[in-house]
Amino acid sequence: MAGISLRHIYKIYPGDVTAVSDFNLEIADKEFIILVGPSGCGKSTTLRMIAGLEEISKGELYIGDRLVNDVPPKDRDIAMVFQNYALYPHMTVYKNMAFGLELRKTPKDEIEKRVREAARVLDIEHLLDRKPKALSGGQRQRVALGRAMVRNPAVFLLDEPLSNLDAKLRTSMRTEIIKLHQKLGTTFIYVTHDQTEAMTMGDRIVVMKDGVIQQVDTPQNLYDFPCNMFVGGFIGSPQMNFLDATLVKENGNYYVDLGGDKLLINPDRVKANPGIENYVGKAIKAGIRPEDIKDDEEFLEKHKDATIVAHVDVSELMGSEIYLYLEYKDYKMTARVNPGSKAKNGTDVKVAINTKKLHLFDPETELAILN
């Protein structure tokens, strides 16, 4: 088994186009790590460099203690599962899973044993004689996973493996892949642009933008303590609301002034973040997650020092909660409120903001100043 070390990795294409810049990451043995970010952020390129399918322009890549920059893909002890499954259409499921082992001259009885075992784990034993065209998307995905499994690789690389599946199947396959990781006890590196996938699957998440790592942390820490506005806005659904504001200090208390409406910042949070003093009287960005804006009486009473009145554009019942799409001054905001909310389309509603969960950012650097 193997940890992976990426040290100052760059990918520079002809014409001085930098796809990945100074990528540093230590991945522990058996860890499930997720690379997430918008399209074109360099996550798949990074995965392909680990696989050996893309050449590394600068930097060092270690799998275990071995420098593998110049080691061909077949000798890296990795297996990759692609977005389009890449199955051979003329071969049966059994043949598709066995093919890589046959190329390596693995004994027939060993191939039989490994294919049957992988098929049992993935619940595709009844499909072994079928061709890929006779399979559903989810079944093809399992075959692609099985083909990787039979090689007993030290590292699994998965590039958007669920993006071709429908929403319900994606959810069940997420669970399957998590269980598979636990069962195999192997290092998994998983690329996705879907932050729900990232939040539910990974031990740690690497958030990327424009080829640069923004933040590496556990899903909960990324959600609670985003290091900048990009991470705050990318992680979480619906996404964080951002408002222009000024930080003011009155009678020893700190307030976020939204152009007349003032939100009292919890004094304990100020004590924990003394650097906030440097922003008094200055413009800041306030970040508020939708679930920290509510309109029920109990919440309003609890947070009476942080209320605003907003206009309800649309009220969307989601079953266990309601999404309120609000207009406040010139801003569009989203609130996740209780299903008993009386807010109606086209009316004004008084909401409170939980300032214990308020995020403040520097508008120029976009770095967090209060989390």
Side-chain angles (χ1 to χ4, degrees), residues 6 8-10 18-26 33-43 46 193 195 198-199 202 204-249 253-259 262-293 306 330-334 353-371:
L6 296 102
H8 304 290
I9 298 281
Y10 285 79
T18 303
V20 176
S21 182
D22 200 20
F23 192 102
N24 289 284
L25 184 64
E26 298 293 325
I33 201 116
I34 307 260
L35 306 183
V36 71
S39 295
C41 73
K43 54 192 186 296
T46 303
H193 64 275
Q195 54 92 18
M199 290 292 284
R204 283 189 305 153
I205 300 174
V206 180
V207 183
M208 294 181 69
K209 178 194 178 195
D210 301 333
V212 177
I213 293 179
Q214 302 294 303
Q215 190 170 354
V216 183
D217 216 325
T218 62
Q220 196 62 55
N221 280 349
L222 279 180
Y223 192 80
D224 292 338
F225 309 109
C227 71
N228 60 29
M229 285 176 66
F230 175 78
V231 176
F234 191 81
I235 299 292
S237 181
Q239 76 168 53
M240 185 183 279
N241 301 290
F242 292 107
L243 305 176
D244 290 322
T246 309
L247 185 68
V248 295
K249 186 177 181 182
N253 286 322
Y254 292 80
Y255 296 85
V256 171
D257 186 345
L258 299 171
K262 290 178 183 167
L263 315 177
L264 175 67
I265 301 174
N266 182 279
D268 291 340
R269 297 192 69 202
V270 176
K271 274 185 207 156
N273 294 270
I276 199 173
E277 181 71 40
N278 302 327
Y279 286 87
V280 171
K282 292 184 180 173
I284 54 170
K285 285 274 188 188
I288 308 155
R289 294 218 178 268
E291 64 269 25
D292 298 322
I293 306 171
D330 292 329
Y331 300 101
K332 300 286 187 189
M333 296 170 64
T334 309
I353 291 162
N354 179 3
T355 59
K356 282 186 178 174
K357 299 285 185 73
L358 192 65
H359 302 268
L360 302 183
F361 301 93
D362 182 310
E364 286 175 20
T365 64
E366 299 196 350
L367 296 175
I369 53 181
L370 178 75
N371 263 327

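In this text, all values refer to a predicted model and were calculated from it rather than measured experimentally.
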Where do [X] and [Y] come nearest, in terms of heavy atoms and distance?
{"X": "Pro226", "Y": "Met240", "value": "CG-CE, 4.4 Å"}
{"X": "Ile34", "Y": "Gly202", "value": "CG1-CA, 3.5 Å"}
{"X": "Gln195", "Y": "Phe234", "value": "CG-O, 3.3 Å"}
{"X": "Arg289", "Y": "Leu222", "value": "NH2-O, 4.5 Å"}
{"X": "Thr355", "Y": "Arg269", "value": "O-NH1, 2.7 Å"}
{"X": "Leu258", "Y": "Ala245", "value": "CD2-CB, 3.7 Å"}

Pairwise side-chain contact, [X] with [Y], heavy-atom cut-off 4.5 Å (strictly under):
{"X": "Thr46", "Y": "Phe23", "answer": "yes"}
{"X": "Lys357", "Y": "Glu291", "answer": "no"}
{"X": "Asp292", "Y": "Leu358", "answer": "no"}

Legend entry - Modelled atom types, side-chain donor and acceptor of Gln215 and Asn228, under 3.5 Å: no

Inset, instruction - Please confirm whether the backbone N or O of Glu364 pairs with a side-chain atom of Asp362, one donor and one acceptor, at under 3.5 Å? - result: yes

Inset, instruction - Determine yes or no for a side-chain-to-main-chain donor-acceptor pair under 3.5 angstrom, with Asn371 supplying the side chain and His359 the backbone. - result: no

Enter the distance from [X]:[atom1] to [Y]:[atom2] here, rounded to the nearest 0.5 Å.
{"X": "Asn241", "Y": "Tyr331", "atom1": "CG", "atom2": "OH", "result": "11.5 Å"}
{"X": "Ile205", "Y": "Ile33", "atom1": "CD1", "atom2": "CD1", "result": "9.5 Å"}
{"X": "Ile235", "Y": "Asp224", "atom1": "CD1", "atom2": "CG", "result": "11.5 Å"}
{"X": "Leu370", "Y": "Leu247", "atom1": "CG", "atom2": "CG", "result": "9.0 Å"}
{"X": "Lys43", "Y": "Met208", "atom1": "NZ", "atom2": "CE", "result": "8.5 Å"}
{"X": "Lys271", "Y": "Asn266", "atom1": "NZ", "atom2": "CG", "result": "9.0 Å"}

Legend entry - Step-by-step side chain to side chain contact (heavy atoms under 4.5 Å, CB included) determination, Ile265 to Leu360: CA-CA 10 Å; Ile265 301 174; Leu360 302 183; 3.9 Å; yes

Legend entry - Pair Lys285 + Asp244: basic N to acidic O under 4.0 Å: yes

Legend entry - side chain to side chain contact (heavy atoms under 4.5 Å, CB included) assessment of Tyr10 paired with Asp22: CA-CA 6 Å; Tyr10 285 79; Asp22 200 20; 3.4 Å; yes

Inset, instruction - Kindly check if the number of other-residue, nucleotide or ligand heavy atoms within 6.0 Å of CG (Asp330) is above 12? - result: no

